[in-house]
Amino acid sequence: MSIRIGLMGYGNLSRGVEAAIKKSEDLELVAVFTRRNPDTVAIRTENVPVLSESEIEAWKDKIDVLVLGGGSATDLPKQTPEYAKLFNVVDSFDTHARIPEHFENVDKASKDAGKIGVISIGWDPGLFSLMRMLSTAVLPDGNNYTFWGRGVSQGHSDAIRRIEGVLDARQYTVPVESSVNSVRNGENPELTTRQKHTRECFVVAKEGADLARIEKEIKEMPNYFDEYDTTVNFISQKELDENHKGLPHGGFVIRSGETSEGVKHIVEFNLKLDSNPEFTGAVIAAYARAAYRLNKEGQTGCKTIFDIPVSYLSSESGESLRKHLL
């Protein structure tokens with residue numbers, strides 16, 4: 001019997017989960033819920049209903065795990081605790097500073113309902129978090145370094161598009177190669193924000209727009225660009241469509257440490273992704289499987305990537321995992 005998955009929302013992330021479900025014989029997409037007019041949402045899986053968000057409660061006993069595809073700023077803080085009262089849920093909440101608060105809210109709601117709520121799943125937070133924890137446990141005397149890119153930052157791209165005179169934009173986060181090499185050489189540098197990453201912007205401006213003003217607004221934008229060395233390239237819409245429409249991303253976690261005086265070790269985990277949302281969706285699908293299994297065992301409450309045995313992610317049996325992968 002397949003694990004029945006529902007999707008709340010149908011943006012890039014939900015489409016990534018949908019793609020992962022198609023690759024998994026034990027997972028089945030059974031419904032998509034949207035705040036838009038359902039008649040305007042065309043999904044890629046045949047014979048699966050697209051329904052209004054207002055109809056979701058009627059599916060309480062027809063969905064094993066609900067995946068929440070909304071954003072961390074306003075959607076997930078409200079939706080995850082609310083839907084954890086009805087379903088086992090998985091989200092990708094990525095506002096690091098608010099994860100403890102989010103955990104408490106989801107933990108109470110899911111425990112009261114006898115459900116499992118898995119939060120902050122993806123690759124960072126998510127797989128990168130797990131690698132930071134694992135390498136720190138193995139090498140307690142050392143330092144962690146996380147680099148992102150080269151890849152498209154959707155949030156930063158959106159911030160540029162909000163500037164007056166901008167029609168479209170893509171922003172790439174790029175690791176500083178000299179800093180990466182210093183870490184890989186075991187030098188344990190203390191790096192500022194500016195020393196770790198640069199930002200490359202490709203901007204389509206309206207005809208007659210003040211390009212100097214737009215560039216200045218980008219480079220001085222607080223919380224987005226002001227702490228980074230930023231390059232702004234003005235290009236045509238045609239060039240942006242041809243060369244910058246994808247959503248590649250990636251990055252790496254490095255732990256540099258010693259086990260005794262002068263005995264150094266480097267642990268590195270890296271990702272190079274053609275599609276950030278498709279890979280994130282694949283991670284979420286695996287943790288949806290884990291959420292279902294945990295709840296079937298009688299467990300309840302909120303879980304993070306630190307709390308779930310990795311064997312629960314696989315569709316293979318324990319015997320098969322021990323034989324082929326151990």
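- In the model, Asn233 has no side-chain atom that pairs as donor or acceptor with a side-chain atom of Glu200 under 3.5 Å.
- A donor-acceptor contact under 3.5 angstrom links the side chains of Asn144 and Thr136, judged on distance only.
- A salt bridge does not link Asp64 to Lys62: none of the charged nitrogens lies less than 4.0 Å from a carboxylate oxygen.
- In this structure, Asp274 places its CG atom where only 12 or fewer heavy-atom neighbours from other residues, nucleotides or ligands lie under 6.0 Å away.
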- [ ] Kindly indicate, with the supporting measurements, whether the criterion salt bridge (Lys or Arg N to Asp or Glu O under 4.0 Å) is fulfilled by Glu57 and Lys60.
- [x] CA-CA 5 Å; Glu57 193 162 350; Lys60 184 177 186 297; over 6 Å; no
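- Within the cation-pi definition used here (under 6.0 Å to the ring centroid, within 45° of the axis), Arg150 qualifies as a partner of Tyr172.
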- [ ] Run the numbers on Leu191 and Phe147 for side-chain contact (heavy atoms from CB on, under 4.5 Å), then give the verdict.
- [x] CA-CA 11 Å; Leu191 299 172; Phe147 296 91; 4.1 Å; yes
Open item on the list: Would Ile116 and Ser110 count as a side-chain contact (heavy atoms from CB on, under 4.5 Å) here? Give the steps.
Closed with: CA-CA 6 Å; Ile116 286 283; Ser110 53; over 6 Å; no
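- At most 12 heavy atoms of other shown residues, nucleotides or ligands fall within 6.0 angstrom of atom NZ in Lys78.
- Taking hydrophobic clusters as Ile, Leu, Val, Met, Phe, Trp and Tyr residues chained together by side-chain heavy-atom distances below 4.5 Å, Ile254 does not share a cluster with Val176.
- Placement of Phe252 and Leu130 in two distinct hydrophobic clusters is found when ILVMFWY residues are connected by side-chain heavy-atom separations under 4.5 Å, directly or transitively.
- Considering every non-hydrogen atom in both Gly122 and Thr280, the closest pair reads CA-CG2, 3.9 Å.
- A salt bridge links Asp112 with Lys108: the closest approach of a Lys/Arg side-chain nitrogen to an acidic carboxylate oxygen falls below 4.0 angstrom.
- For Asp241 and Gln237, the side-chain atoms include at least one donor-acceptor pair closer than 3.5 Å.
- Closest heavy-atom contact between Ala20 and Gly281: CB-O, 3.9 Å.
- Side-chain N/O atoms of Glu187 and Ser182 include a donor and acceptor closer than 3.5 Å.
- There is a side-chain donor-acceptor pair under 3.5 Å between Asn188 and Ser256.
- A salt bridge does not link Asp141 to Lys264: none of the charged side-chain nitrogens sits closer than 4.0 Å to a carboxylate oxygen.
- Using a 3.5 Å distance cut-off with no hydrogens or angles, the side chains of Thr304 and Asp307 do pair a donor with an acceptor.
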- [ ] For side-chain contact (heavy atoms from CB on, under 4.5 Å), just list the numbers for Arg170 and Arg161, CA-CA rounded to whole Å, side-chain angles, deciding distance to a tenth of an Å, and then say yes or no.
- [x] CA-CA 9 Å; Arg170 286 293 184 280; Arg161 285 192 286 269; 3.1 Å; yes
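- No side-chain N or O of Glu53 forms a donor-acceptor pair with one of Thr34 less than 3.5 Å apart.
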Task: side-chain contact (heavy atoms from CB on, under 4.5 Å) between Val138 and Val267, worked out - done: CA-CA 10 Å; Val138 173; Val267 178; 5.9 Å; no
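- A salt bridge between Arg322 and Glu319 is absent, with no side-chain N of the basic residue lying under 4.0 Å from a carboxylate O of the acidic one.
- For Asp107 against Cys302, the heavy-atom pair with the smallest separation is OD1-N, 2.8 Å.
- Of the charged side-chain nitrogens involved, at least one lies within less than 4.0 Å of a carboxylate oxygen, so that Arg98 and Glu101 count as a salt-bridged pair.
- Here Val106 is tied into one hydrophobic group with Met8, Val30, Phe33, Leu51, Ile56, Trp59, Ile63, Leu66, Leu68, Leu76, Tyr83, Leu86, Phe87, Val89, Phe93, Ile99, Phe103, Ile119, each link being a pair of ILVMFWY side chains closer than 4.5 Å.
- Cluster annotation: Leu167 and Leu240 are assigned to the same hydrophobic cluster (Ile/Leu/Val/Met/Phe/Trp/Tyr, side-chain heavy-atom contacts under 4.5 Å, transitive).
- Smallest separation of non-hydrogen atoms from Leu27 and Ile21: O-CG2, 3.7 Å.
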- [ ] Take Asp61 and Arg4 through the test salt bridge (Lys or Arg N to Asp or Glu O under 4.0 Å) and record every step on the way to the result.
- [x] CA-CA 10 Å; Asp61 299 318; Arg4 300 168 299 178; over 6 Å; no
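- Thr40 places a side-chain N or O within 3.5 Å of a backbone atom of Asn37 that can act as its donor or acceptor partner.
- Relative to the ring axis of Phe269, Arg255 does not place its NZ or CZ within 45° and under 6.0 Å from the centre.
- Looking only at atom types and distance, the side chain of Ser315 has no donor-acceptor partner in the side chain of Arg289 under 3.5 Å away.
- Counting Ile, Leu, Val, Met, Phe, Trp and Tyr side chains that sit under 4.5 Å apart, directly or through other members, Val263 stands alone, with no cluster partners.
- In summary, the aromatic rings of His197 and Trp148 are positioned with their centroids under 6.0 Å apart.
- Atom NZ of Lys245 has more than 12 neighbouring heavy atoms from other residues, nucleotides or ligands inside a 6.0 Å radius.
- Minimum heavy-atom separation, Val118 to Ala291: CG2-CB, 3.8 Å.
- Using modelled atom types, one finds no donor on one side chain facing an acceptor on the other under 3.5 Å when comparing Glu297 with Tyr292.
- In this structure, the side chains of Val253 and Trp123 stay at 4.5 Å or more apart for every pair of heavy atoms.
- Between the side chains of Ser52 and Glu55, no donor-acceptor pair is found at a separation under 3.5 Å.
- Within 6.0 Å of atom NZ in Lys216, 12 or fewer heavy atoms from other residues, nucleotides or ligands are found, so the atom counts as exposed in its surroundings.
- Under a hydrophobic clustering in which Ile, Leu, Val, Met, Phe, Trp and Tyr are joined whenever their side-chain heavy atoms come within less than 4.5 Å, directly or via other members, Val180 and Val174 fall into different clusters.
- Ser2 and Asp26 share no side-chain donor-acceptor pair at under 3.5 Å.
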Please table the atom pairs, donor to acceptor, closer than 3.5 Å between any side-chain atom in residues 221-228 and protein atoms at least two apart or in another chain.
| residue | atom | partner | partner atom | Å |
| --- | --- | --- | --- | --- |
| Asp226 | OD1 | Asn223 | N | 3.3 |
| Tyr228 | OH | Arg199 | NH2 | 3.3 |

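- Remark: the His265 side chain and the Thr259 side chain contain an N/O donor-acceptor pair separated by less than 3.5 Å.
- Hydrophobic cluster membership differs between Leu271 and Tyr145, with clusters built from Ile, Leu, Val, Met, Phe, Trp and Tyr side chains linked at under 4.5 angstrom.
- In this structure, the side chain of Lys22 engages the main chain of Arg44 through a donor-acceptor pair within 3.5 Å.
- Scanning both residues, Ile218 and Cys201, for their nearest heavy atoms gives CG2-SG, 4.0 Å.
- No more than 12 heavy atoms of other residues, nucleotides or ligands shown are found within 6.0 angstrom of CD on Glu261.
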